[in-house]
Amino acid sequence: MTDYLVRLNPEQREAVETIDGPVLVLAGAGTGKTRVLTTRFAHILLTKRAFPNQVLAVTFTNKAAREMRERVAAILGSPAEGLWLGTFHALCARMLRRHAPLVGLTSSFSILDSDDQIRLLKQVMQAAGLDAKRWAPPAMMGIIQRWKDRGLASGSVPPNEDTDFANGQAKEIYAAYQSRLKAVNAADFGDLLLHVTEILRGHPDVLEQYHRMFRYILVDEYQDTNVVQYLWLRLLAQRSRNICCVGDDDQSIYSWRGAEVENILRFEHDFPGAKIVRLEANYRSTAPILAVAAGLIANNEGRLGKTLRPGRTDATGEKVSVVGLWDSDEEARMVGDRAEGLRRDGNSLAEMAILVRTGAQTRAFEERMMTLGIPYKVVGGLRFYERAEIRDAIAYVRLVNQPADDLAFERIVNVPRRGVGEQALRSIHVRARELGVPLLDAAAALIAQGELRGRVKEGVGALLQGFSRWREILSRDGHQVMLATLLDECGYTDMWKQDKSPEAPGRLENLKELVRALADFDTLAGFLEHVSLVMENEENSQGERISLMTLHAAKGLEFDTVFLPGWEEGLFPSQRTMDESGAKGLEEERRLAYVGLTRARRLAIVSHAANRRIYANWQTSIPSRFIEELPDEHVERIGSAAMQRDRMITAPSVFSNGFGGQFPLVARRPKVIESWEQPGRPARPSTIPVGARVFHQKFGYGTVTATQDDRLDIAFDKAGDKRVLDRFVEAATV
DNA sequence: AGTGGGACGCTTTTT
DNA sequence: GCGTCCCACT
């Protein structure tokens, strides 16, 4: 009956069994945080303290929510239905649909994606006469979002805030943006939290309802909450005070997105009498990795204090490697070769990851993996629902669902081309404003009155007729048939069939996938909610692949081997972060490094290059200060940081560069380690001849200019000259 | 209205 | 180095 408790260590057990009153669980990396959270959830249900729908469980990502749902179900032995378990945004969307009229929306409001947000804001800024070059709409969006993160509605931004941006009109822009959102019956991501918090604050009866419902509250990743999320939680928890927050102040890496570490640091103050439980036994990493991570993070101030200790008796292991290299190419080669070597020794590629500071760094590694023929996956890049063709298709669906969705109308009215240019669109806008109707109806009115002519009339007329037909099909044959018909009839599929670009076939494939995905939903509205809130990849073709991702994307994951390249001043810690946020920014960068190190179970390989290409030109850099902070006794330095620093900074005159030793010298290639160059793969002549037209997944179409065994030199039409393995290309059909 | 070329700016990111 | 945006040309 309670065997699920026996599997916990004493501190985990305390975190699970302290059910009543506020609890803060400080859970270091790899200490069984998720296990505690899910077991606690199950424990509440199994001890009959609450029904499943009386527990509110909040996560940041859909992935974490899904995982918790599955694990709770596993402990309960049955699928957990009717739970209030989800991301902050999903839960708030659900609440807001119930009370939308209280903030001037209807319950069918649309949730805008970032494209829509920017487009809407751009219109608002244009109307205010702001030069988009001087004041970038995305920057303005950032300011508005930070305000929303702090729980500030457009009327309550303090007078002394951000008066210089947008000629001091920032607050007016914010207000205008909000009224446009209301006019098109839409909410952006920030609104979901902000609106619900306002409702809970201003309507005691509604708050009362939720107080009666939620007897226990569980919060994951508490260190990442922003002010509005904190306010929302505090409102909901103020009656029962049964709130359990799990987090790790050392892994707070989202302050630039509005997260406030202070929330976790202040927990005891906010919830007097709170019980603090520390989870410090790490079951993930070897002792040297833990020691190195601990040594690094000890350089931060203002921590709640927590020391990871090895939780396994077999936690001995290799030292952390720190490798100094000449340039970023050599770094990519080192990583590729070591990955290949590990694979030869029987290690799975799925258990290796390359974690970088910025997304742009992945490219060099991608190319290297391709050359070596090592399968890889980039985690996080463009997500399925962010692809242009998917957004277009969804805009059509949104219009079927809600004819008043003006943003969707604007997106697709001329996609595929229907001859609707700036002029035509403007007259539709004018008419819409005159009549006080949505753009779709305004367009119909213009056609009825013969004010649109020729191609435009034909095109838009057919589109409008299409919408009434597609709505019929929807009610008769269901949403899947409707979307398939719609995409064919509106000309969208044909548009991509006629497109000769290398991406077009993939886009058609994605559209098919979208139609297929529709089958998983009972209603069109349910599907749209999912699309708005779950911006994630379809399970990234799993299997035997090395993972490439940013450090941010790696939080919560773990691998046997972790490569941590690019530990150089300016890149990591990021100069930009230090400029913008000073000492606090530096500490956050250090936490990011800590997150990176603690992802590794057995092997962590840190590296830094003396020269790196940034944008178009080469830049010389010195090793990251974080490298010096790693405790020596657990680190093996190869091509040591100190040596490189000497050579480049303090003794440049050793080499003559013709500039009087004025520049950091980068004259010769110090061959630090010979063994990276692995013996080649067995040579095998390629079957593809010089001159052949070929197609490559990433680079598109090209012509073979030379071959050497199974390596091909190819002049790609778009991507330029590359050398790739022949198995990565196929004969082109055109 | 649609296309193509050049200038520009940007690279934490999740919902 | 690449994608986006704007403008000039067709």
Side-chain angles (χ1 to χ4, degrees), chain A residues 58-65 86-93 111-115 117-118 122 131-133 136-139 141-142 145 148-149 187-194 221 224-226 228-229 253-259 355-364 367 379-383 385-386 388 414-425 454-456 459 503 529-537 549-556 566 570-578 580-581 585 588-589 591-593 595-596 613-618 699 718-720:
Chain A
V58 199
T59 64
F60 270 86
T61 65
N62 291 292
K63 203 173 144 213
T87 63
F88 278 100
H89 293 89
L91 293 166
C92 282
I111 300 169
L112 299 190
D113 65 31
S114 54
D115 267 15
Q117 290 177 37
I118 296 291
K122 223 184 215 164
D131 177 11
K133 281 223 175 95
M141 199 68 240
Q145 258 156 14
K148 290 185 177 180
D149 288 341
D188 66 16
F189 277 110
D191 284 341
L192 297 175
L193 267 300
L194 192 58
E221 307 275 18
D224 285 335
T225 50
N226 59 33
V228 71
Q229 288 160 340
I253 55 175
Y254 283 110
S255 75
W256 48 271
R257 210 170 76 191
L355 309 182
V356 294
R357 177 64 183 83
T358 73
Q361 285 169 263
T362 57
R363 185 169 293 125
E367 297 198 358
V379 179
L382 242 209
R383 286 171 289 272
Y385 292 120
E386 280 175 357
N414 204 32
V415 181
R417 304 248 127 92
R418 297 189 179 90
V420 182
E422 209 188 326
Q423 292 297 327
L425 192 58
R455 218 150 63 89
V456 184
E503 303 92 50
E529 191 88 339
H530 170 84
V531 171
S532 315
L533 295 169
V534 186
M535 278 285 187
E536 70 185 13
N537 263 331
M549 68 188 95
T550 63
L551 287 158
H552 284 94
K555 196 167 78 160
L571 180 62
F572 191 38
S574 145
Q575 192 57 51
R576 188 173 158 180
T577 302
M578 290 189 294
E580 284 170 7
S581 318
E588 180 149 318
E589 294 285 301
R591 290 194 291 268
L592 202 47
V595 167
R613 218 207 315 250
I614 294 184
Y615 307 139
N617 34 14
W618 286 91
F699 303 133
K718 295 234 165 81

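All chains are named by letter (A, B, ...) in the order of the sequence lines, taking the proteins before the strands, and each is independently numbered beginning at 1. Note: hydrogens, waters and symmetry copies are ignored here, and every other heavy atom, side chains too, is used.
- The interatomic distance linking Leu551(A) (CG) with dT14(B) (C1') rounds to 16 Å, in whole Å.
- Atom CD of Gln145(A) and atom P of dT15(B) are 14 Å apart (whole Å).
- Nearer the 5' end of DNA chain B, as judged by each residue's closest nucleotide, is the contact made by Val420(A), out of Ile253(A) and Val420(A).
- Closest approach to the Thr61(A) side chain among dT12(B), dC2(C), dT14(B) is made by dT14(B) (side chain taken as heavy atoms from C-beta onward).
- Glu221(A) is not listed as a side-chain neighbour of Val58(A), based on a closest heavy-atom distance of 4.5 Å or more.
- Listed nucleotides dT12(B), dT13(B), dG1(C) differ in distance to Thr577(A); the shortest reach to its side chain belongs to dT12(B).
- Remark: His552(A) pairs with Tyr254(A), Trp256(A) by the ring-ring contact (aromatic ring centres under 6.0 Å, His included) rule, at least two apart or across chains.
- The two atoms that bring Leu425(A) and Val420(A) nearest to each other are N-CG1, 4.1 Å, heavy atoms only.
- Every residue meeting the ring-ring contact (aromatic ring centres under 6.0 Å, His included) condition with Phe60(A), not counting sequence neighbours, appears here in chain and number order: Phe88(A).
- Among the nucleotides dT14(B), dT15(B), dT13(B), the one closest to any side-chain atom of Ala553(A) is dT14(B).
- Among the protein residues, Asn414(A) comes within range of the sugar-phosphate backbone only, with heavy atoms under 4.0 Å from sugar or phosphate atoms but none that close to a base.
- The side chain of Arg417(A) contributes an N or O atom lying less than 4.0 Å from OP1 or OP2 of dT3(B).
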Task: Nucleic acid footprint by protein, nucleotides 6-11 of chain B - heavy-atom cut-off 4.0 Å, B for base, S for sugar-phosphate alone - done: ----BB

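- Atom pair Trp256(A):CH2 and dT14(B):P shows a separation of 7 Å (rounding to whole Å applied).
- For Gln423(A), taking side-chain heavy atoms from C-beta onward, the closest of the listed nucleotides dA1(B), dT13(B), dT12(B) is dA1(B).
- With dT12(B), dT15(B), dT14(B) as the choices, the nucleotide that has an atom nearest any side-chain atom of Phe189(A) turns out to be dT15(B).
- In this structure, Asp149(A) places its CG atom 12 Å from C1' of dT13(B), rounding to the nearest Å.
- Taking atom CD of residue Glu367(A) and atom C1' of nucleotide dC2(C), one finds them 12 Å apart after rounding to whole Å.
- Rounding to whole angstrom units, NZ of residue Lys63(A) and P of dT13(B) are separated by 16 Å.
- Heavy-atom minimum distance, Ala93(A) versus Leu533(A): CB-CD1, 4.0 Å.
- Following rounding to the nearest Å, Asp115(A) (CG) and dT4(C) (C1') show an atom-to-atom distance of 12 Å.
- Note on Phe88(A): nothing from the nucleic acid sits closer than 4.0 angstrom, heavy atoms only.
- Arg257(A) has its CZ atom 8 Å from the P atom of dT15(B), to the nearest Å.
- A salt bridge does not link Glu367(A) with Arg363(A): none of the charged nitrogens is closer than 4.0 Å to a carboxylate oxygen.
- For dT15(B), the OP1/OP2 oxygens have a side-chain nitrogen or oxygen of Asn62(A) closer than 4.0 Å.
- With distances taken from any side-chain atom of Thr87(A) to the nucleotides dG1(C), dT14(B), dT15(B), the minimum falls on dT15(B).
- Comment: Asp191(A) engages Lys148(A) in a salt bridge, judged by a side-chain N to carboxylate O separation of less than 4.0 angstrom.
- Pairing each heavy atom of Glu588(A) with each of Ser255(A), the nearest pair is OE1-OG, 2.8 Å.
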